[in-house]
Number of protein chains: 2
Amino acid sequence: MSSLKHLAQSLGLSITTVSRALDGYSDVAPATRERVRAAAQAIHYQPNSAARSLRRRKAEAVAVTLPTEPGRFGPPTFLNMLAACGHRLAEEGLDLMLLPTAGRVEEMETYRRLLDGRRADAVIVVRTRLDDERVAFLKERGIPFVTHGRTARSDEHAFIDGDGEAGFREAARHLASLGHRRIAHIAAPQDLTFAHLRRRGWLAALEEVGLSDRPECTAQPTEAGGYEAARWLMQQRTPPTALLCATDSMAIGALSALKEKGLMAGRDIAVIGHDNLPAAAFTDPPLSTMEIAAPDVGRQLAEMLIARLGGRDSRELQTILPVRQVPRITHGPVN
Amino acid sequence: MSSLKHLAQSLGLSITTVSRALDGYSDVAPATRERVRAAAQAIHYQPNSAARSLRRRKAEAVAVTLPTEPGRFGPPTFLNMLAACGHRLAEEGLDLMLLPTAGRVEEMETYRRLLDGRRADAVIVVRTRLDDERVAFLKERGIPFVTHGRTARSDEHAFIDGDGEAGFREAARHLASLGHRRIAHIAAPQDLTFAHLRRRGWLAALEEVGLSDRPECTAQPTEAGGYEAARWLMQQRTPPTALLCATDSMAIGALSALKEKGLMAGRDIAVIGHDNLPAAAFTDPPLSTMEIAAPDVGRQLAEMLIARLGGRDSRELQTILPVRQVPRITHGPVN
DNA sequence: ATAGATTCCCAAAACGTTTTGAATAGTCAA
DNA sequence: TTGACTATTCAAAACGTTTTGGGAATCTAT
């Protein structure tokens with residue numbers, strides 16, 4: 001027996017009235033409204049979500065696809081961001097759906113099924129690439145979405161991102177001011193927007209201060225990637241005196257490679273990362289890094305999504321959060 | 001216009017026939033079946049999920065609640081596990097819903113709304129506690145669920161877990177065999193089952209080899225927690241010569257504390273963790289640890305969930321995965 | 001030729017809501 | 001008293017599927 005029908009029957013009212021009472025319509029008498037509410041509470045009435053979705057023509061859900069290729073996914077703090085986001089979404093009665101996908105084609109396939117089956121009202125795009133087919137697809141479909149990270153067409157959609165470019169520019173500038181002349185960049189794959197922007201910040205600083213030596217090496221954004229990249233850079237004829245790493249994970253790997261060479265970071269060579277992972281404060285020596293200067297990126301992301309669902313224009317929903325330097329020990333002056 | 005209606009109309013068939021054709025019923029002629037399939041494919045037909053759920057009386061979704069109190073959530077590898085799980089679930093047409101919750105009461109409230117609103121057919125319980133109200137609630141409701149980690153009533157429900165107890169017993173035994181006589185345990189909060197079991201393994205080994213010195217300290221399962229615990233332990237009158245840490249994160253913090261004291265892990269003191277985080281291979285020195293000897297815990301979890309939804313008895317779905325030691329450098333003999 | 005099977009198809013009901021349009025009763029002004 | 005209005009309530013339609021219970025051909029065996 002339908003719950004609403006059940007409620008109505010036990011109250012001697014019509015389904016309509018019960019429904020409207022619970023939704024707070026003004027055309028039901030205050031007395032009945034209260035009576036209905038009390039009864040609903042008593043039996044823990046909760047509208048059947050499928051029925052409601054069907055009738056309202058809304059899924060009341062937001063989806064996020066998780067690219068899991070090839071190794072592990074992104075920064076370890078990612079789940080926190082999602083949790084904060086989901087928490088805010090829940091306040092609006094929106095569910096957060098997680099759709100892991102193994103490869104790019106599979107990801108697009110997932111999007112298609114998702115939208116064709118009306119399983120979500122909006123989507124979150126993470127790990128954005130400069131040229132991102134997902135963004136193109138979602139724009140074409142006209143479904144609200146917010147990206148976590150920018151793309152080459154960021155002016156055309158809602159996004160939230162840290163200002164990695166400024167962060168890396170500042171860090172590289174600072175290294176230069178400490179006397180470093182060979183400031184290397186350990187980059188993440190350049191199709192990823194964040195990697196591209198961080199590299200660009202580094203590049204801009206070198207240009208600015210007139211350094212033409214621009215050693216760099218691209219690797220996977222993992223400890224192993226950072227380790228390999230650092231090894232390679234330090235084997236060059238004139239090795240760098242500073243390593244600006246795209247992520248803390250890479251920096252942690254790099255630290256390990258330096259240690260193997262008998263180099264002490266912060267004294268023999270400078271190292272700076274990005275993300276301020278919990279582990280970064282406990283490396284040896286403690287890692288100088290930087291972080292997005294906002295405690296609640298996930299929540300803000302949710303807020304933007306909600307605004308977007310409410311019809312706000314995507315051009316009003318483009319947030320670039322400042323990046324704050326977190327100097328610790330590994331970024332000392334050139335010796 | 002309804003898509004199914006649309007399809008039916010354009011094919012000159014009834015909605016019924018189209019629906020049954022797509023579901024592969026044998027009472028539609030092979031020829032029409034193919035015709036329908038082709039047409040469906042052409043317009044990317046995908047059944048409206050709300051309508052299907054409503055009629056089938058199944059949400060076609062699995063929920064996982066994420067306890068996000070107080071600091072960050074669990075091991076950094078957790079998202080991978082979820083992704084693997086979601087990937088397998090998707091193959092069965094099941095969505096994975098993420099429900100972050102801030103506290104215990106909120107978590108129970110979330111469960112209630114979830115089940116009352118029929119938003120999920122099954123749930124995954126993570127971060128299990130020895131005495132877990134969530135398990136009691138779900139059992140009472142009779143909804144299928146699988147826990148990630150055991151509880152005190154594990155014999156009554158489906159679960160998947162690593163054999164942390166055996167892992168820690170083996171590790172402690174090994175340390176003893178290397179000559180260690182003061183083997184400390186840096187424990188995680190004991191209401192968490194995994195923490196309880198790991199401590200129990202350590203304790204069992206000490207008993208086994210006749211060591212009555214059992215230094216220990218409980219802390220949050222984070223780098224900061226491990227750091228504080230290690231500091232405290234090393235300040236005792238006769239400090240331990242080995243630290244068996246409940247998690248790698250804690251071990252990483254402990255390594256940092258030891259370094260501050262001028263102690264070199266693997267030479268002056270032994271350290272062993274658990275999880276084999278990617279970062280564990282890149283600490284200084286590389287961290288000896290252990291890991292669940294299965295590449296696909298998430299997938300297995302999904303498999304169990306699917307079996308449970310298929311009506312399999314929960315007592316046939318209780319998996320304890322072996323834990324494999326990953327010896328690196330930090331676990332050397334006593335000097 | 002005909003009863004009984006078999007094959008293929010369909011109309012209608014149902015799932016549990018929300019929404020539309022209207023009915024009923026009560027109130028107020030003339 | 002009547003007509004217009006307001007305040008409350010409700011029956012029925014709709015959302016897009018799946019499932020039930022046939023129905024109309026066609027085939028098989030007598």
Side-chain angles (χ1 to χ4, degrees), chain A residues 1-37 39-40 43-61 93-95 113-121, chain B residues 1-37 39-40 43-61 93-95 113-121:
Chain A
M1 165 158 344
S2 119
S3 264
L4 206 45
K5 197 195 290 184
H6 189 240
L7 248 187
Q9 233 156 52
S10 78
L11 285 167
L13 288 170
S14 77
I15 292 182
T16 309
T17 304
V18 175
S19 173
R20 311 208 96 206
L22 291 174
D23 273 4
Y25 277 70
S26 65
D27 69 354
V28 7
T32 19
R33 183 158 51 222
E34 273 326 302
R35 203 157 62 92
V36 170
R37 284 213 173 126
I43 69 164
H44 289 291
Y45 171 73
Q46 199 65 26
N48 178 302
S49 78
R52 166 192 289 240
S53 289
L54 176 57
R55 178 61 234 229
R56 288 209 174 148
R57 319 194 78 176
K58 300 210 180 127
E60 325 255 73
L94 294 167
D95 288 332
R113 274 203 306 275
L114 180 75
L115 302 191
D116 286 336
R118 307 251 142 59
R119 300 207 327 261
D121 301 321
Chain B
M1 164 155 350
S2 119
S3 264
L4 207 46
K5 197 196 289 186
H6 190 241
L7 249 187
Q9 231 156 51
S10 78
L11 286 166
L13 287 170
S14 75
I15 291 182
T16 308
T17 304
V18 175
S19 173
R20 313 208 94 207
L22 291 175
D23 273 4
Y25 278 70
S26 66
D27 68 354
V28 5
T32 22
R33 184 158 51 223
E34 272 325 302
R35 204 158 61 91
V36 170
R37 285 213 172 123
I43 68 163
H44 289 291
Y45 171 74
Q46 199 66 25
N48 177 302
S49 78
R52 166 192 289 240
S53 288
L54 176 58
R55 178 60 237 226
R56 287 208 174 150
R57 323 194 75 180
K58 300 210 180 128
E60 324 256 71
L94 294 167
D95 287 333
R113 274 206 304 277
L114 180 75
L115 302 191
D116 287 334
R118 306 252 143 59
R119 302 209 322 264
D121 301 322

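Residue numbers start from 1 in every chain, and the chains themselves are labelled A, B, ... in the order their sequence lines are given, proteins ahead of strands.
What separates CG of B:N48 from P of C:dT17 is a distance of 17 Å, to the nearest Å. A straight line from CG of B:L54 to C1' of C:dA14 spans 9 Å, rounded to a whole angstrom. Rounded to whole Å, atom P of D:dG16 lies 10 Å from atom OH of B:Y45. For the pair A:R57 CZ and C:dT20 P, the interatomic distance rounds to 13 Å; values are reported in whole Å. One can place CD of B:Q46 at 15 Å from P of D:dG16, the figure rounded to the nearest angstrom. Following rounding to the nearest Å, A:R52 (CZ) and D:dG16 (P) show an atom-to-atom distance of 18 Å. B:D23 has its CG atom 16 Å from the P atom of C:dC9, to the nearest Å. In this structure, the CZ atom of B:R56 is 6 Å from the P atom of D:dT18, given to the nearest Å.
The pair A:D23-A:R37 does not meet the salt-bridge criterion, since no charged nitrogen lies less than 4.0 angstrom from a carboxylate oxygen.
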Query raised in the report: Could you go step by step and tell me if B:N48 and B:S3 meet the side-chain contact (heavy atoms from CB on, under 4.5 Å) rule?
Result: CA-CA 8 Å; B:N48 177 302; B:S3 264; over 6 Å; no
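A donor and an acceptor atom, one from each side chain of A:T17 and A:S14, are located under 3.5 Å apart.
Between A:Y25 and the phosphate of C:dT20, there is no side-chain N or O to OP1/OP2 separation shorter than 4.0 Å. For C:dT18, one of the phosphate oxygens OP1 or OP2 lies less than 4.0 angstrom from a side-chain nitrogen or oxygen of A:S19.
No more than 12 heavy atoms of other residues, nucleotides or ligands shown are found within 6.0 angstrom of CZ on B:R118. A 6.0 Å sphere centred on CZ of B:R33 holds more than 12 heavy atoms belonging to other residues, nucleotides or ligands.
The shortest heavy-atom contact between A:A50 and B:S53 is CB-CB, 3.6 Å.
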Within the sub-3.5 Å range, which N or O atoms of nucleotides 8-13 of chain D have a protein N or O partner, and how far apart are they?
unit_1	atom_1	unit_2	atom_2	d
D:dT9	OP2	A:A29	N	3.1
D:dT9	OP2	A:T32	OG1	2.9
D:dC10	OP2	A:S14	N	2.8
D:dC10	OP2	A:S14	OG	3.3
D:dC10	OP2	A:T17	OG1	2.9
D:dA11	N7	A:T16	OG1	3.2
D:dA11	N6	A:T16	OG1	2.7
D:dA12	N6	A:T16	OG1	3.3

